[in-house]
Amino acid sequence: MSAIIPMKDIVSLCKRRGFIFPASDIYGGVNGFWDYGPLGTELKNNIRDLWWKSMVITPPLGLDGAPLQIVGVDTAIIQNPTLWKASGHVDGFSDPMLDCRETKLRYREDKLIVLKSKDGQGHALVFHEDAEQDTIDARLKKLARGKSSADFETVSLPEIDLSEYSNLIGPDTKKAGTLTEPKEFNLMLHTYLGAAAGEDNKAYLRPETCGSIFTNFKNIVDTSRVRIPFGIAQIGKSFRNEVTPRNFIFRSREFEQMEMQFFCDPKDDIKGWFDLWKNYRKEWWLSIGLSDENLNFHEHTQDDLAHYAKEGVGAYDIEYKYPFIAPGFDELEGIHDRSQFDLSQHEKFSSKKMQYQNLQTNEWYTPYVLETSAGLTRGVLAVLCEAYTIDENRPSGMYMNCHPSIAPKKAAILPLVAKDGQPEIAQKLYMEMREHMPVDLDIKQNIGKRYARQDEIGTPFCITIDPQTREDQTVTIRERNTMAQKRVHLDQVLGYVQGNLKYS
RNA sequence: GCGGGUGUAGUUCAAUGGUAGAACGUCAGCCUUCCAAGCUGAACAUGCCGGUUCGAUCCCGGUCACCCGCUCCA
């Protein structure tokens, strides 16, 4: 059981060693955006590449034991805005919202009704549109100064002029004038295409990478010789207007996803496929070094299922025990049943046939979709949290215990002293090794300092050239977690390190 | 979006209405030693804008960012 590391320690290590910086740091940053520094970029790329390998290059065997086909795409962040109308993102999540300053409650403007007195005197009362008559009567009795419901007319809130807001009593308060003016809540970030800004050329930055996977379904079936069941994978940036960016890179407005949409026959064993992906994806997180005790499956209840997943085999999140929520868990990846929702929607909105033909039966059908949607940037955070290890017995006081397969630097080459021909041997080894993996060559300062520096950035192996090297061509290899050393011949160093990089 | 807190060097922290310090890190030189990251030296900071004041890093206002609690998170 490892200790919970405060987020601020992780954030400051990231800054100090060049993993992650606030975006536009010199201007004071910008809420919800982060820049990846030299080591953070290596780390993120490593996680990204391993995902691609496990999903696209070497996907698992299917239910029948045959290798699955997963193909990749890399689509534009900006797509035709109709795509987001079809997906439900434009209309579903851009309703004007207003707040009550008194109760701190938030309402959708179109869900509220107003009881306005017919003589224009006194306060107007605001209710939820589905408020019970009993509730309305009770509040009128209390707040309407002798008037009865017959003295009021009902109007919807959007019809109320802003100048009248000071006269409104909110649904959950007794005071007038506590409601803020409605503001549009935009889930999606938008921009305008072309020089002139206007509603005609409004476009959206994608809120998820899967939208354009679905719109490419037909192109891929027509050109890529894939046959159902198969998957389409994509890694890329997405954007979302989070109300409150929070918890370092966990909830940010620009983030990166690793998604795969799996298309199968609706008559196929959906539950079987779903379980296959669910387990395969968890195994993958374990394979890059997250520990089982920090991972959790969370099954969505009917109430919190997304609009596309109300039916079907459900939705599971793979969750991680991030320090800011521990001992609880928060989302890392979603394994969701998207049913035939997306392809049906796109067929409706585009008037293009988004179906697939079973060549045995000549039957056309809309494929059934299962989604694995992992957060790459959330993965980086989970890996950083998992790796941060306190160790008071070493100079750095801590080390980053990240799996060698994702470590930003695989090895550091350190001549014990900067003389006696040691730097020359070190540089020769460095030139050889850097052809195969990211390695550091560090000659300055004493050896303890250099080990400490490598511990802080999670380098799994430190290779030290010492006086004995010139005698018998051996070096020491120091293992990061144990600090134990063994002597290895120079010719075998590369092989030794390579042999220890993979998941085992 | 609301409420509360915080903002001093790359990091972690001091101090002050009148010349802003330390540790670690970084860089240079020295040393040559397998990890209490040695020795000497150097560079680097009061988030931003405005107000009060002879003078503001300190007091006040605004703003931005971060943290906590709500809200939000298809």
Side-chain angles (χ1 to χ4, degrees), chain A residues 6-9 11-18 21-34 37 84 87-94 97-108 178 180-185 187-188 207-208 210-211 240-248 250-253 255 300 304-310 315 324 330-331 334 336 338 341-342 373 391-397 399 414-420 422 442-456 462-468 475-478 480 483-485 487:
Chain A
M7 281 302 293
K8 67 182 182 73
D9 292 350
V11 173
S12 67
L13 176 85
C14 284
K15 175 82 186 283
R16 188 155 46 87
R17 286 301 178 189
F21 308 121
S24 40
D25 202 4
I26 62 167
Y27 292 109
V30 50
N31 195 1
F33 296 87
W34 301 88
W84 306 114
S87 69
H89 286 87
V90 171
D91 299 321
F93 317 109
S94 61
M97 310 285 280
L98 61 154
D99 296 303
C100 175
R101 294 189 195 90
E102 182 75 13
T103 61
K104 313 299 179 203
L105 293 169
R106 169 168 288 183
Y107 311 96
R108 265 176 64 171
T178 64
T180 63
E181 62 182 83
K183 282 186 182 154
E184 212 169 293
F185 171 68
L187 171 83
M188 289 187 286
E208 54 187 19
C210 66
R240 228 174 262 191
N241 247 331
E242 297 289 355
V243 174
T244 314
R246 204 49 88 80
N247 295 323
F248 197 31
F250 178 79
R251 177 161 290 129
S252 48
R253 293 192 167 130
F255 55 100
H300 289 214
D304 53 36
L305 279 178
H307 60 280
Y308 54 74
K310 288 294 180 195
F324 56 78
D330 214 333
E331 186 180 5
H336 294 181
R338 295 189 76 116
F341 175 84
D342 300 273
S373 174
D391 181 358
E392 286 164 5
N393 294 319
R394 64 177 77 200
S396 51
Y399 62 104
L414 315 171
L416 189 59
V417 297
K419 61 174 193 181
D420 299 336
Q422 292 180 19
D442 193 355
I443 298 175
K444 302 273 179 163
Q445 299 177 317
N446 76 46
I447 192 69
K449 222 169 210 196
R450 287 176 281 160
Y451 283 151
R453 188 154 45 215
Q454 298 299 332
D455 280 348
E456 281 196 333
C462 285
I463 299 154
T464 303
I465 288 95
D466 63 12
Q468 195 182 327
V475 296
T476 62
I477 297 183
R478 168 191 183 270
R480 176 194 63 208
M483 296 192 284
Q485 291 179 297
R487 289 205 81 88

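The sequence lines fix the lettering, A, B, ..., with proteins before strands; numbering per chain opens at 1.
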### Message
By the 4.0 Å heavy-atom rule, please label Ser12(A) as base, sugar-phosphate, or nothing.
### Response
sugar-phosphate
### Summary
The Watson-Crick or G-U wobble partner of A23(B), with both key distances under 3.5 Å, is U11(B)
### Task
Determine the interatomic distance between C1' on U19(B) and the same-named atom on U57(B); round to the nearest Å.
14 Å
### Task
Searching all strands shown, indicate the nucleotide that pairs with C58(B) (Watson-Crick or G-U wobble; both distances under 3.5 Å).
none
### Message
Does Met483(A) reach a base, just sugar-phosphate, or nothing at all? Heavy atoms under 4.0 Å.
### Response
base
### Query
Base, sugar-phosphate alone, or nothing: which one does Gln485(A) contact when heavy atoms must sit under 4.0 Å apart?
base
### Message
Under 4.0 Å from OP1 or OP2 of C68(B): is there any side-chain N or O of Asn247(A) that close?
### Response
yes
### Message
Show the nearest heavy-atom pair for residues Gly32(A) and Ser252(A), with the distance to one decimal.
### Response
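Scanning both residues, the minimum pair turns out to be O-CB, 3.1 Å.
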### Query
Rounding to a whole Å, what distance do you find between Ile465(A):CD1 and C34(B):P?
14 Å
### Task
Write down the partner of G29(B) under the Watson-Crick or G-U wobble criteria, each distance required to be under 3.5 Å.
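C39(B) is the nucleotide pairing with G29(B).
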### Query
When all nucleic acid strands are considered with a 4.0 Å heavy-atom cut-off, which category describes Phe248(A): base, sugar-phosphate, or nothing?
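Phe248(A): backbone/sugar contact only, no base atoms under 4.0 Å.
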### Task
With heavy atoms under 4.0 Å as the rule, sort Leu416(A) into base, sugar-phosphate or nothing.
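If one applies the 4.0 Å heavy-atom cut-off, Leu416(A) turns out to touch a base.
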#### Entry: Toward the 5' end of RNA chain B, by each residue's nearest nucleotide, Gly28(A) or Ala484(A)
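Result: Ala484(A).
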### From C66(B), U32(B), G10(B), nucleotide with atom closest to Lys419(A) side chain
U32(B)
### Query
Is there a side-chain contact between Pro467(A) and Leu416(A) (heavy atoms, below 4.5 Å)?
yes
### Query
Under the 3.5 Å rule, do the base of C35(B) and the side chain of Arg478(A) count as making a donor-acceptor pair?
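Flag set: donor-acceptor pair detected.
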### Message
Please give the distance between the P atoms of A20(B) and G38(B) as a whole number of Å.
### Response
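It works out to 29 Å between them.
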### Message
Tell me the interatomic distance from Tyr451(A), atom OH, to A36(B), atom P, rounded to whole angstroms.
### Response
12 Å
### Message
So Arg450(A), base contact, sugar-phosphate only, or nothing? Heavy-atom distance under 4.0 Å.
### Response
nothing
### Message
Expressed as a whole number of angstroms, how long is the span from Asn446(A):CG to C27(B):P?
### Response
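Roughly 14 Å, once rounded to whole Å.
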## Note on the structure
Assign each of Gly32(A) and Arg251(A) the nucleotide of RNA chain B bearing its closest heavy atom; nearer the 5' end lies the nucleotide of Gly32(A)
### Message
Measure CG/Asp420(A) against P/C31(B) and give the value in whole Å, please.
### Response
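Taking atom P of C31(B) as the reference, CG of Asp420(A) is at 12 Å.
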### Glu331(A) CD to Arg251(A) CZ distance, which is reported to the nearest 0.5 Å
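With rounding to 0.5 Å, CD (Glu331(A)) is 9.0 Å from CZ (Arg251(A)).
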### Query
Of all the nucleotides listed (C34(B), G10(B), U26(B)), which has the minimum atom distance to the side chain of Arg16(A)?
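Among the listed nucleotides, the one closest to the side chain of Arg16(A) is G10(B).
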### Message
Distance check needed: C66(B) P versus Arg246(A) CZ, whole Å only.
### Response
10 Å
### Distance, P atom - from G5(B) to C73(B), rounded to whole angstrom
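Going atom to atom, P in each nucleotide, I get 28 Å.
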### Query
With a non-hydrogen cut-off below 4.0 angstrom, is Asp455(A) in contact with a base, only sugar-phosphate, or nothing?
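Answer is nothing: Asp455(A) stays at 4.0 Å or more from every strand.
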### Query
Looking at Phe33(A), does the NZ or CZ of Arg253(A) lie under 6.0 angstrom from its six-membered ring centre and within 45 degrees of the ring axis?
no
### Task
Between C48(B) and U12(B), how far apart are the C1' atoms? Round to whole Å, please.
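Approximately 24 Å lies between the C1' atom of U12(B) and that of C48(B).
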### Task
Please state how far atom CD1 in Ile26(A) lies from atom C1' in G10(B), giving the value in whole angstrom units.
15 Å
### Query
Atom CZ of Phe324(A) to atom C1' of C73(B): distance rounded to whole Å?
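Value for this atom pair: 12 Å.
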### Task
Write down the distance separating the C1' atoms in A65(B) and A23(B), rounded off to the nearest Å.
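One C1' to the other, the span is 26 Å.
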### Query
So which nucleotide from C13(B), A36(B), U71(B) ends up closest to the side chain of Pro395(A)?
A36(B)
### Query
From C34(B), A28(B), C70(B), pick the nucleotide closest to the side chain of Lys444(A)?
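Shortest atom-to-atom distance from the side chain points to A28(B).
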### Task
Respond yes when some side-chain nitrogen or oxygen of Lys449(A) is under 4.0 Å from OP1 or OP2 of G38(B), and no when none is.
yes
### Query
Taking any strand in view, what nucleotide pairs with U6(B) in a Watson-Crick or G-U wobble way, both distances under 3.5 Å?
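WC or wobble partner is A65(B).
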#### Entry: Phosphate contact (G10(B) OP1 or OP2) by Lys15(A) side-chain N/O below 4.0 Å
no
### Query
Yes or no on salt bridge (Lys or Arg N to Asp or Glu O under 4.0 Å) for Asp455(A) and Arg394(A), after CA distance, side-chain angles and deciding distance?
CA-CA 9 Å; Asp455(A) 280 348; Arg394(A) 64 177 77 200; 2.9 Å; yes
### Message
Cation-pi check for Tyr451(A) against Arg478(A): NZ or CZ below 6.0 Å from the six-membered ring centre and within 45 degrees of the axis, yes or no?
### Response
yes
### Message
Using the C1' atom as the point on both nucleotides, what is the distance between G4(B) and A43(B), in whole Å?
### Response
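My reading of the C1' atoms in A43(B) and G4(B) gives 39 Å.
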### Query
Hey, mind stepping through Asp466(A) and Arg487(A) against salt bridge (Lys or Arg N to Asp or Glu O under 4.0 Å) and telling me if it holds?
CA-CA 11 Å; Asp466(A) 63 12; Arg487(A) 289 205 81 88; 3.0 Å; yes
### Distance, P atom - from A45(B) to C49(B), rounded to whole angstrom
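C49(B) and A45(B) have their P atoms separated by 15 Å.
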### Query
If the P atom of C59(B) is compared with that of U16(B), how far apart are they to the nearest Å?
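These two P atoms come out 11 Å apart once rounded.
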### Message
Tell me whether the side-chain N/O atoms of Asn31(A) come closer than 4.0 Å to OP1 or OP2 in C66(B).
### Response
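So the side chain of Asn31(A) is within the cut-off, an N or O lying under 4.0 Å from OP1 or OP2 of C66(B).
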### Asp391(A) CG to A37(B) P, straight-line distance once rounded to whole Å
14 Å
### Query
Under a 4.5 Å cut-off applied to non-hydrogen side-chain atoms, are Val11(A) and Cys14(A) in contact?
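The answer is no, as the side chains (C-beta and beyond) never meet within the 4.5 Å cut-off.
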### Summary
Under a 3.5 Å limit on both distances, the Watson-Crick or wobble mate of U52(B) is none
